[in-house]
Amino acid sequence: MAYGKELDAAKKAASLAARLCQKVQKALLQSDVQSKSDKSPVTVADYGSQAVVSLLLQRELSSVLFSLVAEEDSADLRKDGSQDILERITKLVNDTLATEDLLKPIDSTLSTDDILRAIDCGTSEGGPNGRHWVLDPIDGTKGFLRGDQYAVALGLLEEGKVVLGVLACPNLPLASIAGNNNSSSSDEKGCLFYATIGSGTYMQPLDSNSEPVKVHVSSVENPADASFFESFEGAHSLHDLSSSIANKLGVKAPPVRIDSQAKYGALSRGDGAIYLRFPHKGYREKIWDHVAGAIVVTEAGGIVTDAGGKALDFSKGKYLDLDTGI
Ligand SMILES: Nc1ncnc2c1ncn2[C@@H]1O[C@H](COP(=O)(O)O)[C@@H](OP(=O)(O)O)[C@H]1O
Ligand SMILES: [Mg+2]
Ligand SMILES: [Mg+2]
Ligand SMILES: [Mg+2]
């Protein structure tokens with residue numbers, strides 16, 4: 001299969017990064033620190049996830065040319081007073097890598113400098129030529145902090161086109177979320193969605209080796225039977241505008257609001273039929289917020305465009321040039 005080796009590496013990297021995030025999110029929920037608005041735990045998970053993916057991809061693919069466009073960089077970690085947080089990230093990454101039995105044994109424990117370097121591999125600008133990995137180490141940080149949805153989102157661009165995407169969604173129920181905003185806690189959670197160009201979209205449980213299943217977008221034709229997704233955060237997308245558009249389309253169901261590219265994952269298996277996103281004026285969308293999600297949806301039979309109906313162009317660097325919304 002085309003991109004088979006890249007897909008294996010990407011699935012492994014995203015799953016392992018998700019494991020790191022789950023560990024941090026658990027601690028975040030169990031301790032009472034969560035409400036204290038101390039953002040350091042999430043920073044730890046964002047950085048740790050980015051380091052894990054960067055290290056894994058490089059180790060598994062050992063290509064001379066490795067380009068990664070990723071959300072985080074190490075600038076803040078290099079500042080005075082960041083030593084403690086950097087050591088925590090380093091420990092998290094080492095502990096996470098040590099749990100991966102499929103990995104070649106690690107020659108030595110990674111140092112703080114190794115971690116800084118791994119994070120900074122993600123400073124590529126992308127663009128229309130060659131291969132670029134695109135990573136959002138935690139998409140939906142606000143959801144992550146709330147204990148809600150988030151995703152590790154990893155994609156691959158080749159000559160400006162998305163050819164591969166992986167979405168690890170640790171809190172997304174394996175069963176459909178159609179019709180309910182809050183799933184019961186007994187639901188089995190943790191989904192891994194993946195797609196390569198021309199080969200469809202698959203979903204498998206994040207923490208087991210169960211067989212992947214091919215997924216397809218909703219087949220609902222009548223808008224009256226459709227439901228739509230949007231950001232949980234009103235600051236990220238104009239809820240009033242989505243509602244009025246949904247209304248005009250004839251959609252009757254209330255919006256399903258969830259964080260992150262888990263929306264694209266849920267869409268790809270038909271939990272809902274539509275995703276509407278209208279950022280406030282002046283906001284520029286970043287490619288890592290959509291690359292993986294876009295291919296997961298298109299390979300499942302869906303269509304992803306800007307609000308003007310044009311396909312998303314991921315070849316312009318870090319930002320998407322959009323007409324109004326997605
Ligand atoms: N004002 C804004 N308008 C639109 N999107 C925004 C935003 N501020 C942040 N975002 C983006 O929205 C993403 C989350 O998407 P969603 O709203 O679907 O959960 C964030 O990703 P991160 O959490 O990776 O920073 C961030 O990139
Ligand atoms: Mg994001
Ligand atoms: Mg992020
Ligand atoms: Mg962010």
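Ligands are counted one by one from 1 in listed order, and the atoms in each one are counted from 1 as well.
Atom 11 (C) of ligand 1 has its closest protein heavy atom at Tyr283 OH, 3.3 Å. When only non-hydrogen protein atoms are considered, atom 18 (O) of ligand 1 lies nearest to Lys263 NZ, 2.6 Å. Shortest contact from atom 21 (O) of ligand 1 to any protein heavy atom: Asp139 OD1, 3.1 Å. In terms of protein heavy-atom proximity, atom 4 (C) of ligand 1 is nearest to His236 O, 3.1 Å. At the shortest separation from atom 19 (O) of ligand 1 among protein heavy atoms lies Ser260 N, 2.6 Å.
Remark: Asn222 CG is packed, more than 12 non-hydrogen atoms of other residues, nucleotides or ligands lying under 6.0 Å away.
In this model, a donor atom of one side chain and an acceptor atom of the other lie less than 3.5 Å apart for His290 and Tyr264. A donor and an acceptor atom, one from each side chain of Glu230 and Ser242, are located under 3.5 Å apart. Ser67 and Ser124 share a donor-acceptor pair across their side chains, judged by distance under 3.5 Å alone. Side chains of Ser176 and Arg269: no donor on one and acceptor on the other come within 3.5 Å. Looking only at atom types and distance, the side chain of Asp120 has a donor-acceptor partner in the side chain of Ser74 under 3.5 Å away. Side-chain polar atoms of Asp114 and Ser111 form a donor-acceptor pair below 3.5 angstrom.
Between Arg146 and Glu233 there is a salt bridge, with a side-chain nitrogen of the basic residue lying less than 4.0 Å from a carboxylate oxygen of the acidic one. Salt-bridge annotation for Asp8 and Lys5: absent, with no side-chain N of the basic residue lying under 4.0 Å from a carboxylate O of the acidic one. Ionic pairing of Lys286 and Glu71 is not present here: no N-O contact between side-chain nitrogen and carboxylate oxygen is shorter than 4.0 angstrom.
Note on Ile138: counted as a metal contact of the Mg ion (ligand 3), an N/O/S atom lying under 2.8 Å. Between the Mg ion (ligand 3) and Asp136 there is an N/O/S contact shorter than 2.8 Å. Distance check for Glu71 against the Mg ion (ligand 4): an N/O/S atom falls below 2.8 Å.
Using cut-offs of 30° and 60° on the angle between ring planes, the pair Tyr194 and Tyr202 is parallel.
Checked by distance only, ligand 1 and Trp288 stay at 3.5 Å or farther apart across all their nitrogen or oxygen atoms. Among the atoms of Arg277, some N or O lies under 3.5 angstrom from an N or O of ligand 1. Here's the thing with Ile138: one of its N/O atoms is less than 3.5 angstrom from an N/O atom of ligand 1.
Here Ala235 has backbone heavy atoms under 4.0 Å from ligand 1, and that is the only part of it that gets that close. The part of Asp289 lying near ligand 1 is the side chain, judged by heavy-atom distances below 4.0 Å. Only the side chain of Asp136 comes within 4.0 Å of ligand 1, counting heavy atoms alone; its backbone N, CA, C and O stay farther away.
Every atom of ligand 1 is numbered from 1 in the order shown, and the set under 4.0 Å from a heavy atom of Ser231 is 16 (P), 17 (O), 18 (O). Of all atoms in ligand 1, numbered sequentially from 1 with element shown, those under 4.0 Å from a heavy atom of Asp259 are 19 (O).
Heavy-atom separations between Glu71 and ligand 1 include at least one value shorter than 4.0 Å. Distances shorter than 4.0 angstrom do not occur between any heavy atom of Glu230 and any atom of ligand 1. Within the structure, the closest approach of Gly143 to ligand 1 does not fall below 4.0 Å when heavy atoms are considered.
Counting heavy atoms from C-beta on, the side chains of His132 and Phe314 never come closer than 4.5 Å.
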